[in-house]
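For reference, the structure discussed in these notes is given below.
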Amino acid sequence: QVQLVESGGGLVQPGGSLRLSCAGSRSISGPRPTGWYRQTPGKPHVRELVAAISSNGTTDYRDSAKGRFTISRDNAKNIVYLQMSSLNPEDTAIYYCNVGTMHCPTWVCYTPGDSWGQGTQVTVSA
(Lines give C-alpha, C1' and ligand atoms only; values in the text may rest on other atoms or scores of the structure.)
Protein backbone atom coordinates (compact mmCIF):
# COMPACT_ATOMS: atom_id res chain seq x y z
CA GLN A 1 0.00 0.00 0.00
CA VAL A 2 1.45 3.36 -1.01
CA GLN A 3 1.96 5.95 1.71
CA LEU A 4 0.98 9.48 0.75
CA VAL A 5 2.05 12.80 2.27
CA GLU A 6 0.40 16.07 1.29
CA SER A 7 2.01 19.46 1.87
CA GLY A 8 1.87 23.05 0.70
CA GLY A 9 -1.31 24.26 2.34
CA GLY A 10 -1.63 27.48 4.27
CA LEU A 11 -3.46 30.76 4.64
CA VAL A 12 -3.90 32.79 1.47
CA GLN A 13 -5.91 35.86 0.57
CA PRO A 14 -8.74 35.69 -1.95
CA GLY A 15 -7.32 35.78 -5.44
CA GLY A 16 -4.07 34.21 -4.32
CA SER A 17 -2.33 30.99 -5.31
CA LEU A 18 -0.94 27.89 -3.67
CA ARG A 19 0.79 24.76 -4.90
CA LEU A 20 0.06 21.54 -3.09
CA SER A 21 2.33 18.51 -3.28
CA CYS A 22 1.57 14.83 -2.87
CA ALA A 23 4.60 12.65 -2.26
CA GLY A 24 4.33 8.88 -2.47
CA SER A 25 6.40 6.27 -0.69
CA ARG A 26 6.75 4.56 -4.02
CA SER A 27 5.95 5.55 -7.53
CA ILE A 28 2.66 7.38 -7.85
CA SER A 29 3.68 9.71 -10.63
CA GLY A 30 3.42 7.04 -13.28
CA PRO A 31 1.55 5.15 -14.34
CA ARG A 32 -0.81 5.44 -11.35
CA PRO A 33 -3.98 7.53 -11.66
CA THR A 34 -4.02 10.12 -8.88
CA GLY A 35 -6.72 12.43 -7.61
CA TRP A 36 -6.86 15.48 -5.39
CA TYR A 37 -9.85 15.62 -3.04
CA ARG A 38 -11.04 18.20 -0.59
CA GLN A 39 -13.16 18.18 2.53
CA THR A 40 -14.84 21.49 3.27
CA PRO A 41 -16.00 22.83 6.66
CA GLY A 42 -19.60 22.77 5.45
CA LYS A 43 -19.41 19.07 4.53
CA PRO A 44 -16.99 17.54 7.03
CA HIS A 45 -17.97 13.96 6.14
CA VAL A 46 -17.65 14.35 2.39
CA ARG A 47 -14.50 14.32 0.29
CA GLU A 48 -15.06 15.62 -3.20
CA LEU A 49 -12.72 15.02 -6.07
CA VAL A 50 -11.50 18.25 -7.65
CA ALA A 51 -8.83 17.03 -10.08
CA ALA A 52 -7.53 13.78 -11.49
CA ILE A 53 -4.61 12.72 -13.64
CA SER A 54 -4.73 9.43 -15.51
CA SER A 55 -1.94 6.94 -16.05
CA ASN A 56 -1.12 8.49 -19.43
CA GLY A 57 -1.21 12.05 -18.12
CA THR A 58 -4.71 13.08 -19.14
CA THR A 59 -6.12 15.57 -16.66
CA ASP A 60 -9.64 16.54 -15.78
CA TYR A 61 -11.32 18.76 -13.23
CA ARG A 62 -14.56 19.32 -11.42
CA ASP A 63 -16.29 22.36 -12.88
CA SER A 64 -15.51 24.51 -9.84
CA ALA A 65 -11.80 23.88 -10.42
CA LYS A 66 -11.61 24.22 -14.19
CA GLY A 67 -9.50 27.13 -15.34
CA ARG A 68 -8.11 27.70 -11.83
CA PHE A 69 -6.50 24.43 -10.76
CA THR A 70 -3.84 22.41 -12.57
CA ILE A 71 -2.82 18.88 -11.65
CA SER A 72 0.57 17.67 -12.78
CA ARG A 73 3.27 15.22 -11.80
CA ASP A 74 7.01 14.94 -11.60
CA ASN A 75 7.98 11.38 -12.50
CA ALA A 76 11.52 11.71 -11.23
CA LYS A 77 10.41 12.90 -7.79
CA ASN A 78 7.28 10.74 -7.41
CA ILE A 79 5.24 13.84 -6.68
CA VAL A 80 1.86 14.94 -7.93
CA TYR A 81 1.08 18.64 -7.67
CA LEU A 82 -2.06 20.72 -7.53
CA GLN A 83 -1.46 24.31 -8.58
CA MET A 84 -4.35 26.46 -7.42
CA SER A 85 -4.94 30.06 -8.47
CA SER A 86 -7.71 32.64 -8.17
CA LEU A 87 -8.58 31.09 -4.83
CA ASN A 88 -11.78 32.11 -3.09
CA PRO A 89 -13.17 31.38 0.40
CA GLU A 90 -15.20 28.46 -0.99
CA ASP A 91 -11.90 26.70 -1.67
CA THR A 92 -11.17 26.55 2.05
CA ALA A 93 -10.81 22.87 2.86
CA ILE A 94 -8.51 20.07 3.84
CA TYR A 95 -6.98 18.75 0.64
CA TYR A 96 -6.05 15.09 0.23
CA CYS A 97 -4.41 13.13 -2.55
CA ASN A 98 -5.29 9.58 -3.43
CA VAL A 99 -4.03 6.89 -5.77
CA GLY A 100 -6.84 5.06 -7.48
CA THR A 101 -8.13 3.87 -10.82
CA MET A 102 -9.75 5.50 -13.83
CA HIS A 103 -11.82 3.63 -16.36
CA CYS A 104 -12.18 6.65 -18.60
CA PRO A 105 -10.16 9.91 -18.86
CA THR A 106 -12.58 12.14 -17.00
CA TRP A 107 -12.84 12.91 -13.30
CA VAL A 108 -16.20 11.20 -12.96
CA CYS A 109 -14.48 7.90 -13.83
CA TYR A 110 -11.98 8.16 -11.00
CA THR A 111 -12.37 5.54 -8.27
CA PRO A 112 -10.38 6.19 -5.09
CA GLY A 113 -7.98 3.67 -3.67
CA ASP A 114 -7.53 2.86 -0.01
CA SER A 115 -4.49 5.05 0.69
CA TRP A 116 -5.01 8.55 2.02
CA GLY A 117 -2.54 10.98 3.50
CA GLN A 118 -3.13 13.23 6.50
CA GLY A 119 -4.26 16.09 4.30
CA THR A 120 -3.11 19.68 4.11
CA GLN A 121 -5.25 22.63 5.23
CA VAL A 122 -5.97 25.43 2.79
CA THR A 123 -7.63 28.54 4.20
CA VAL A 124 -8.66 31.38 1.93
CA SER A 125 -9.46 34.48 3.90
CA ALA A 126 -8.80 38.19 3.92
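Note that these values count all heavy atoms, side chains included, but never hydrogens, waters or copies made by symmetry. Numbering starts at 1 and runs along the sequence shown. All values derive from a computational prediction rather than experimental measurement.
Nearest heavy atoms, R73 versus V80: CB-CG2, 3.8 Å. Shown here for L4 and S115, the closest heavy-atom pair between the two residues is CD1-O, 3.5 Å. Closest non-hydrogen pair, N88 versus R68, comes out as ND2-NH1, 3.5 Å. Nearest heavy-atom pair across Q83 and S17 is NE2-CB, 4.0 Å. Residues Y61 and A51 come closest through the heavy atom pair CD2-CB, 3.5 Å. Contact detail for D74 and Y81: the closest heavy-atom pair is CB-CE1, 3.9 Å.
In this structure a side-chain-to-backbone donor-acceptor pair under 3.5 Å is missing from Y95 to L20. Using modelled atom types, no side-chain atom of S54 and backbone atom of P33 make a donor-acceptor pair closer than 3.5 Å. One N or O on the side chain of Q118 and one on the backbone of E6 form a donor-acceptor pair closer than 3.5 Å. In this structure, the side chain of T106 does not engage the main chain of C104 through any donor-acceptor pair within 3.5 Å.
Legend: residues meeting salt bridge (charged side-chain N to carboxylate O under 4.0 Å, His left out) with R19, ordered by chain and number and at least two apart, are absent. Remark: K43 pairs with no residue by the salt bridge (charged side-chain N to carboxylate O under 4.0 Å, His left out) rule, at least two apart or across chains.
Among the candidates T58, N56, I53, the single residue satisfying the side chain to side chain contact (heavy atoms under 4.5 Å, CB included) test with P105 is T58.
Contact of the D60 side chain with the K66 side chain is registered, since non-hydrogen atoms from C-beta on lie closer than 4.5 Å.
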Run the numbers on D91 and R38 for side-chain contact (heavy atoms from CB on, under 4.5 Å), then give the verdict.
CA-CA 9 Å; D91 296 314; R38 66 186 180 188; 2.9 Å; yes

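With ring centers used as reference points, W36 lies 6.0 Å or more from F69.
Between the CG atom in L49 and the CG atom in N98 there is a gap of 8.5 Å [rounded to 0.5 Å].
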